[in-house]
J.: 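One structure is given below, represented as structure tokens, and several questions about it will come after.
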Protein chains: 4
Amino acid sequence: MIQHNGGGIVLQVDIKSSKPIYKQIMDQIKEGVVKGVFQPGDKLPSVRELSTMLTINPNTVSKAYQELEREGAIETRRGRGTFIVENYKPQADPDRLGQLNDLLKKVVVEAYYLGLSKKELKQMLADLYAKLGGARL
Amino acid sequence: MIQHNGGGIVLQVDIKSSKPIYKQIMDQIKEGVVKGVFQPGDKLPSVRELSTMLTINPNTVSKAYQELEREGAIETRRGRGTFIVENYKPQADPDRLGQLNDLLKKVVVEAYYLGLSKKELKQMLADLYAKLGGARL
Amino acid sequence: MIQHNGGGIVLQVDIKSSKPIYKQIMDQIKEGVVKGVFQPGDKLPSVRELSTMLTINPNTVSKAYQELEREGAIETRRGRGTFIVENYKPQADPDRLGQLNDLLKKVVVEAYYLGLSKKELKQMLADLYAKLGGARL
Amino acid sequence: MIQHNGGGIVLQVDIKSSKPIYKQIMDQIKEGVVKGVFQPGDKLPSVRELSTMLTINPNTVSKAYQELEREGAIETRRGRGTFIVENYKPQADPDRLGQLNDLLKKVVVEAYYLGLSKKELKQMLADLYAKLGGARL
DNA sequence: GTGGTCTAGACCACA
DNA sequence: GTGGTCTAGACCACA
């Protein structure tokens with residue numbers, strides 16, 4: 001039986017942000033999976049539903065879903081809807097690993113410019129792990 | 001006395017990258033400062049010099065310098081050129097701190113999707129600190 | 001006497017695939033005929049049976065059967081069921097021949113992009129002929 | 001120096017086809033590369049130019065270009081335009097290899113239904129190789 | 001000038 | 001009902 005996330009969807013979008021809306025959606029869904037708010041097999045709101053909920057254009061939602069599918073995080077079943085992938089197997093893609101390293105490097109550099117010590121940044125990381133969900137990670 | 005980084009500049013850009021060129025420049029200069037490749041007071045190449053060196057549009061270099069100045073990382077002395085700021089004092093800007101947290105959160109989420117454990121990510125962070133320059137950080 | 005493929009049907013569909021389910025069914029039945037898994041005159045499962053077996057919508061099976069009938073691969077005998085055509089005579093439809101050529105052209109182009117040499121592609125073709133059933137082809 | 005394909009672009013599109021327009025564009029550009037009509041480093045028409053030439057919507061061209069970039073066939077340089085990739089290195093992606101095999105299997109099955117013998121299909125393949133460009137393949 | 005993002009809305013294939 | 005494709009057109013970041 002298909003689990004339905006029901007009315008408790010927590011997605012929200014900031015129209016004014018410089019981050020593209022479709023990326024905001026992507027990041028929130030992926031974060032939701034890490035947090036456990038979305039479980040494997042969960043049905044996501046349909047393109048129309050979500051676009052109505054967020055008062056944005058359906059195409060924008062569609063783009064977010066398509067990108068997420070390409071990343072292997074969600075999957076669409078024709079005529080039925082879009083779902084969190086059931087058995088996600090992380091593959092150590094060297095490209096994405098390099099991008100992650102670059103991103104983390106940027107974090108370190110920014111931390112320096114904000115006056116954060118190594119210790120403080122490590123603490124920030126630990127806090128995030130605690131907040132996102134200690135069990136899964 | 002003014003130190004000139006001279007011909008030994010190590011900046012390089014990838015015009016094929018999806019990351020804007022001006023941001024590539026910004027990130028490399030800031031990383032160079034953290035690494036110690038650029039020292040406080042060092043003179044940066046002029047807009048014209050750098051744009052010629054990198055065969056890119058002068059406006060692009062200009063934009064990078066303007067943004068860096070806004071962030072307080074470099075300063076322009078009228079008629080004399082652009083320099084790495086002498087006595088950079090990090091201020092704990094709440095906005096930028098929030099952005100840093102978001103960036104790090106994204107790192108954690110991506111790490112999950114790449115199958116990296118908390119331990120592995122912490123190690124990656126430690127490696128970066130070691131590589132960027134243990135002394136300063 | 002009517003041969004019944006019975007419970008030994010080997011059809012299966014992937015509801016996550018981007019290929020429409022009705023096309024998956026069509027392709028598998030046609031492949032089954034080429035392989036000899038389905039013999040001329042064999043009775044196919046009823047729409048209702050197959051849709052139950054595959055847990056898909058009956059309309060989807062119906063569409064697959066209709067298309068196959070249009071192509072002349074199967075035939076419906078009123079009140080008796082659906083059968084693999086007895087004496088299939090290929091007609092050299094210019095349209096379908098053109099489509100086949102286009103499909104093969106696409107294969108050649110894709111092979112180039114995957115780094116497959118002409119020789120390797122020819123070998124792939126030979127392997128497929130061997131695997132699908134040397135006798136009939 | 002950048003080679004410009006000039007006015008001799010040969011792309012064309014069939015609005016009535018069931019094949020999506022963006023895929024028609026993709027296939028034609030990839031075929032053009034194999035044929036040598038497009039050389040590595042060649043500039044493609046801009047999104048606006050091509051959409052005007054083909055009297056289709058810019059978004060449709062954009063989608064084709066983005067997909068091609070994802071496949072590694074072309075690359076966009078910010079603010080400058082879109083180019084055939086300079087040093088394309090085919091990587092033997094197992095997924096895409098499997099898809100190619102499926103496509104070729106479909107060709108074999110269709111050939112059977114059209115009454116083409118193994119010999120005739122091999123000849124069709126040989127003809128395509130001859131036509132697309134013996135040198136490169 | 002160039003591509004990227006987004007809106008508003010239509011039509012279609014599929015299940 | 002569901003996502004996929006496409007149009008027409010706006011605005012923006014980047015070079």
Side-chain angles (χ1 to χ4, degrees), chain A residues 13 15 17-25 43-52 54-67 69 74-83, chain B residues 13 15 17-25 51 54-64 67, chain C residues 13 15-25 51 54-64 67, chain D residues 13 15 17-25 43-51 54-67 69 74-83:
Chain A
V13 141
I15 304 290
S17 166
S18 65
K19 187 200 265 192
I21 297 175
Y22 81 94
K23 278 194 179 162
Q24 294 181 41
I25 295 173
K43 187 180 185 308
L44 290 166
S46 79
V47 168
R48 282 167 181 74
E49 278 172 5
L50 189 51
S51 68
T52 304
L54 302 176
T55 57
I56 58 176
N57 191 284
N59 288 335
T60 305
V61 176
S62 204
K63 179 163 189 176
Y65 280 8
Q66 280 172 12
E67 290 288 329
E69 177 152 32
I74 69 178
E75 62 196 7
T76 75
R77 300 177 199 157
R78 317 206 41 131
R80 299 208 203 171
T82 307
F83 301 81
Chain B
V13 295
I15 62 169
S17 167
S18 65
K19 185 198 265 191
I21 296 176
Y22 83 95
K23 279 192 180 164
Q24 292 182 43
I25 295 173
S51 67
L54 302 176
T55 59
I56 59 176
N57 195 309
N59 294 333
T60 307
V61 176
S62 212
K63 176 157 191 179
E67 290 290 325
Chain C
V13 296
I15 62 169
K16 297 166 189 172
S17 166
S18 65
K19 186 199 264 191
I21 295 175
Y22 83 94
K23 278 193 180 164
Q24 293 182 42
I25 295 173
S51 67
L54 301 176
T55 58
I56 58 176
N57 195 309
N59 294 333
T60 307
V61 177
S62 213
K63 176 156 189 178
E67 291 288 327
Chain D
V13 142
I15 305 290
S17 166
S18 67
K19 186 199 263 190
I21 296 176
Y22 82 93
K23 277 192 182 164
Q24 293 182 43
I25 295 173
K43 187 181 187 304
L44 290 167
S46 79
V47 169
R48 283 168 180 73
E49 277 171 5
L50 189 51
S51 69
L54 301 177
T55 57
I56 58 176
N57 192 285
N59 288 334
T60 306
V61 176
S62 205
K63 179 163 188 177
Y65 280 9
Q66 279 172 10
E67 290 288 328
E69 177 152 30
I74 70 178
E75 62 195 9
T76 75
R77 299 179 199 155
R78 316 204 43 130
R80 300 206 202 173
T82 308
F83 301 82

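Residue numbering restarts at 1 for every chain, and letters A, B, ... go by the order of the sequence lines.
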J.: Mind checking what makes side chain to side chain donor-acceptor pair (under 3.5 Å) contact with A:E75, not counting sequence neighbours?
T.: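 Result, side chain to side chain donor-acceptor pair (under 3.5 Å) vs A:E75: A:R77.
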J.: Return a single string for nucleotides 8-15 of chain F, one symbol per nucleotide in 5' to 3' order, where B is base contact, S is sugar-phosphate-only contact and - is none, cutoff 4.0 angstrom on heavy atoms.
T.: BB----SS
J.: For DNA chain F, what dot-bracket results from Watson-Crick or G-U pairs at under 3.5 Å, with [ ] for crossers and | for inter-strand partners?
T.: ||||||||||||||.
J.: Picking from F:dG3, E:dT2, E:dG4, which would you name as closest to the side chain of A:T82?
T.: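 My answer, after comparing the listed nucleotides, is F:dG3.
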J.: For D:K23, enumerate each residue passing the side-chain contact (heavy atoms from CB on, under 4.5 Å) test, keeping only those at least two apart in sequence or located in another chain.
T.: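 Once residues adjacent in sequence are excluded, the partners of D:K23 under the side-chain contact (heavy atoms from CB on, under 4.5 Å) criterion are D:K19, D:P20.
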J.: What is the distance, rounded to the nearest whole Å, between atom CZ of D:R77 and atom P of E:dG4?
T.: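 Distance, rounded to whole Å: 14 Å.
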J.: Toward the 5' end of DNA chain E, which comes first, A:I15 or D:S62, by nearest nucleotide?
T.: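 Its nearest nucleotide being more 5', the pick is D:S62.
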J.: Under the side-chain contact (heavy atoms from CB on, under 4.5 Å) criterion, do A:I56 and A:L50 qualify, and how do the steps go?
T.: CA-CA 8 Å; A:I56 58 176; A:L50 189 51; 5.9 Å; no
J.: For the pair made of OH in A:Y65 and P in F:dT5, what is the distance, rounded to whole Å?
T.: 17 Å
J.: Rounded to whole angstrom units, what separation is found between the CG atom of A:L50 and the C1' atom of F:dG1?
T.: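 To the nearest whole Å, that distance equals 16 Å.
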J.: C:S51 and C:P58: which non-hydrogen atoms are nearest, and at how many Å?
T.: CB-CA, 3.7 Å
J.: Any side-chain heavy atom of D:I25 sitting closer than 4.5 Å to one from D:L54?
T.: yes
J.: Any donor and acceptor pair, going by atom type alone, linking the side chain of A:R78 with main-chain N or O of C:S18 inside 3.5 Å?
T.: yes
J.: Can you tell me if D:Q66 touches the phosphate of E:dG3, counting only side-chain N or O atoms and a distance under 4.0 Å to OP1 or OP2?
T.: no
J.: Which of these nucleotides, E:dT2, F:dT2, E:dT5, is closest to any side-chain atom of D:E49?
T.: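 Nucleotide nearest to D:E49's side chain: E:dT2.
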J.: Taking salt bridge (Lys or Arg N to Asp or Glu O under 4.0 Å) as the test, write out the residues that go with A:E67, two or more places apart.
T.: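 Applying salt bridge (Lys or Arg N to Asp or Glu O under 4.0 Å) to A:E67 gives D:R70.
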J.: Calculate the interatomic distance between D:L54 atom CG and F:dT5 atom P; express it in whole Å.
T.: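 In whole Å, F:dT5 P lies 18 Å from D:L54 CG.
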J.: Compare every heavy atom of D:V61 with every heavy atom of D:V47, then report the nearest pair and how far apart it is.
T.: CA-CG1, 3.9 Å
J.: Between F:dG3 atom C1' and A:E75 atom CD, what is the distance in whole Å?
T.: 14 Å
J.: Would you say a side-chain N or O of D:T76 is under 4.0 Å from OP1 or OP2 of E:dG3?
T.: no
J.: Listed by chain and number, what are the side-chain contact (heavy atoms from CB on, under 4.5 Å) partners of B:N59, not counting sequence neighbours?
T.: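 So B:N59 forms a side-chain contact (heavy atoms from CB on, under 4.5 Å) with B:N57.
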